[in-house]
Amino acid sequence: MVEGSVLKTSKGLEVVVFRPTLLDRVMEMPRGAQIIYPKDLGSIIVHSDIGPGIKVLEAGVGSGALSMMLIRAGAIVYGYELREDFAQRAEENVKRAFGESVNWQVALHDIYEGIDLSGLDRILLDLPEPWHVVEHAERALIPGGILLSYLPSMDQVIHLRRVLEGSLFGLVSTYEVLQRGWHIEDRSVRPDHRMVAHTGFITTARLLAAPCGKFRSWSISPPR
Ligand code: SAH
């Protein structure tokens, strides 16, 4: 069967068939925890500079949506998850997408208690109180390493930013991603009436080699 072919079902319905993309799988897979929304997954990959061979610690793993995107991008991924049922679900999802021999493991571990890994390039956090991880991340990341946190509420972001201010991290940046679909049909060309207006705020920071009062925040200048 050639992808993109049209088939008729036994009930006479016409359907077009494609292999699922990784995103299709992520949106359809069984979920324990709420997954990170697609618009944010893409941005997280770019802003935490993920690529082949990059050593990433991800916590919590939840349903494994972000894990799957990190594996697809070629990263070496270590996962921490608090709940055994979620860890199992994530493992099933990851193995279904990448096969039984996928090089990925999730450990049942509370990251607030510490990180038993070192020499990490990136730490990505999708959990409610990421400020408990800042000191652990200072020891586990390489200098220049990136800490990224995904948080739904601004009071959490402010708490994290206060803790980052007194830390070894610099170039701290917070942003959100707004994606608006468009309706394009004949002469009706306009934004969709509805959009997912809020999911989460993304905060990134880079580990400095030594404490420094400068280089606290970072912004990308708009092009001239
Ligand atoms: N990013 C995931 C969803 C994560 S949901 C995805 O894309 O699918 C948040 C997860 O963090 C939950 O599964 C929760 O159990 C886990 N969690 C919360 N606190 C934690 C902690 N201290 N250590 C490890 N995992 C934690």
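For ligands, and for the atoms within them, numbers begin at 1 and follow the listed sequence.
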Just the distances, no angles: every ligand 1 N or O to protein N or O pair closer than 3.5 Å, one line each.
from	atom 1	to	atom 2	distance (Å)
ligand 1	1 (N)	Asp126	OD2	2.8
ligand 1	7 (O)	Ile36	N	3.4
ligand 1	7 (O)	Leu66	N	3.1
ligand 1	8 (O)	Ser63	N	3.3
ligand 1	8 (O)	Gly64	N	3.2
ligand 1	8 (O)	Ala65	N	3.1
ligand 1	13 (O)	Glu81	OE1	2.8
ligand 1	13 (O)	Glu81	OE2	3.1
ligand 1	15 (O)	Glu81	OE2	2.5
ligand 1	22 (N)	Asp110	OD1	2.7
ligand 1	23 (N)	Ile111	N	3.1
ligand 1	25 (N)	Leu82	N	3.3

**OP:** Show your reasoning for whether side chain to side chain donor-acceptor pair (under 3.5 Å) applies to Ser63 and Arg89.
**Re:** CA-CA 6 Å; Ser63 308; Arg89 172 72 51 81; over 6 Å; no
Enumerate donor-acceptor pairs with a distance under 3.5 Å from any side-chain N or O in residues 28-37 to protein atoms, sequence neighbours excluded.
from	atom 1	to	atom 2	distance (Å)
Arg31	NH2	Met27	O	3.2

Anything under 3.5 Å between a donor and an acceptor, one on a side chain of residues 188-197, the other on a protein residue two or more places apart or in another chain? List them.
from	atom 1	to	atom 2	distance (Å)
Ser188	OG	His183	NE2	3.3
Asp192	OD1	His183	N	3.3

Original post:
Do other residues, nucleotides or ligands put more than 12 heavy atoms under 6.0 Å from the CD atom of Gln105?
Top reply: no
Subject >> Presence of salt bridge, Arg161 and Glu165, under 4.0 angstrom >> reply: no
Could you tabulate the donor-acceptor pairs under 3.5 Å formed by side-chain atoms of residues 141-158, not counting sequence neighbours?
from	atom 1	to	atom 2	distance (Å)
Tyr150	OH	Asp40	OD2	2.8
Ser153	OG	Asp155	OD1	2.3
Gln156	OE1	Ser153	N	3.0
Gln156	NE2	Pro128	O	3.1

